[in-house]
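Below you'll find the structure, written out as structure tokens, and then a few comments.
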Number of protein chains: 2
Amino acid sequence: MKIGELAETSGVPAKTIRYYEEIGLLPPAEREANGYRSYDMDALQRLRFVQHAQAAGLTLREISQVLAIRSEGRAPCVHVRDLLHRHLVQIDERLAELRATKRELQSLARHADALDPADCPEDVICSILVRER
Amino acid sequence: MKIGELAETSGVPAKTIRYYEEIGLLPPAEREANGYRSYDMDALQRLRFVQHAQAAGLTLREISQVLAIRSEGRAPCVHVRDLLHRHLVQIDERLAELRATKRELQSLARHADALDPADCPEDVICSILVRER
DNA sequence: CTTGACCTTCCAGTGCACTGGAAGGCTTAC
DNA sequence: GTAAGCCTTCCAGTGCACTGGAAGGTCAAG
């Protein structure tokens, strides 16, 4: 399987696959006689793993770590477990933040919708956003 | 008020305030005879506005736009209104994404917690993350 | 034999929001 | 007068995850 096909199958752009290899996230690909990268199903699996892990909120650096640990023959389970728990905490924090932002935004939006632009006073930057909450 | 004091009062590092000026987010500060930047309460208000707008999820670029529109004498209300509504949509999307990620992560974490690392098979990258959902 | 779709490397840029550090000037207190 | 702690500019780097483009090699179809 050439890089274009892998890109097609996985949905990850060829450029990005090369980039992943470059930063060591993926192992150097096998090469055909002509120098083209050649991939097997393992490569697809690895790429899918990267996608899953990314969807789970892990950074490429963290994914690299898991991959590296695995390739050393150690089971990354404990490591992954920690990573997962840490990310769950982070996600909860981020969720709380986002919800607060949403409330703030909604209150601002309600205020904005009730305003006639002509009423905007000249002496403040923007009465919608500046008013005290 | 010198930059350090403004930084102290606002909680925004002096470095960042200079950066904001550099990118045109804040207007060039008044200078004292010795070249030091000098700020008044308006500056503090602008900085607070930036903080609020940032907390509301606007990018510095968007905040610049609002500030620029205002400084042209036009009321940015309509613009801000649009911005707010667009950001509300974005936040809802991001919230949905995050919640999905959280569910995914929780399911992975439950799986990981139930696993003995010794059970990790050697032939997959990481059974926690790779398994089908 | 050419056209077009692939593939290669390499370098450089993007976007976002800073942040660090060097080299030097100013101010205040002792 | 000197030391600490401000301030200035300028350049450069950070982190994350790509993305673009140039210049060139390869392959299959017509």
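Only heavy atoms go into these numbers, but all of them, side chains included; no hydrogens, no water, no symmetry mates. Naming: A, B, ... by sequence-line order, numbering from 1 per chain.
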Expressed in angstrom and rounded to an integer, what is the separation of [X] atom [atom1] from [N] atom [atom2]?
X	N	atom1	atom2	result
B:Leu25	C:dC16	CG	P	13 Å
B:Tyr36	C:dG25	OH	P	12 Å
B:Glu22	C:dC16	CD	C1'	14 Å
A:Ile63	D:dA17	CD1	P	7 Å
B:Met1	D:dC7	CE	C1'	16 Å
B:Glu21	C:dT19	CD	C1'	17 Å
A:Lys15	C:dA12	NZ	P	14 Å
B:Leu6	D:dT8	CG	P	11 Å

Measuring to OP1 and OP2 of [N], would you say a side-chain N or O of [X] lies under 4.0 angstrom away?
X	N	value
B:Thr16	C:dA17	no
B:Asn34	C:dG25	no
B:Arg37	D:dT9	yes
B:Arg61	C:dC16	yes

Problem set entry | A:Thr59, nearest nucleotide to its side chain (from D:dA17, D:dT9, C:dT19) |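 Per side-chain heavy atoms of A:Thr59, the pick is D:dA17.
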
Quick one: label [X] by what it contacts on the DNA or RNA (base, sugar-phosphate, nothing), any heavy atom closer than 4.0 Å.
X	answer
B:Ile3	sugar-phosphate
A:Gln54	sugar-phosphate
A:Arg18	base

Problem set entry | Shortest non-hydrogen contact from B:Ser10 toward B:Leu47 | OG-CD2, 3.4 Å

Problem set entry | A:Lys2 and A:Glu32 ion-paired at < 4.0 Å |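 The answer is no: the pair does not qualify as a salt bridge.
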
For this session: Could you check B:Tyr39 against A:Tyr20 and say which one's nearest nucleotide on DNA chain D is further toward the 5' end?
Result: B:Tyr39

Problem set entry | Residue whose nearest DNA chain D nucleotide is more 5′ - A:Lys2 or B:Glu5 | B:Glu5

Exercise. Is there a side-chain contact between B:Tyr19 and B:Leu60, using heavy atoms and a 4.5 Å cut-off?
Worked result: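 Contact flag for B:Tyr19/B:Leu60 side chains = yes.
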
Exercise. Same cluster for B:Leu58 and B:Leu95 if Ile/Leu/Val/Met/Phe/Trp/Tyr side chains link at under 4.5 Å?
Worked result: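 Yes, one cluster joins them.
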
Problem set entry | Gap between atom CG of B:Leu26 and atom CZ of B:Phe49 - 0.5 Å precision |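 Between atom CZ of B:Phe49 and atom CG of B:Leu26 there are 10.5 Å.
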
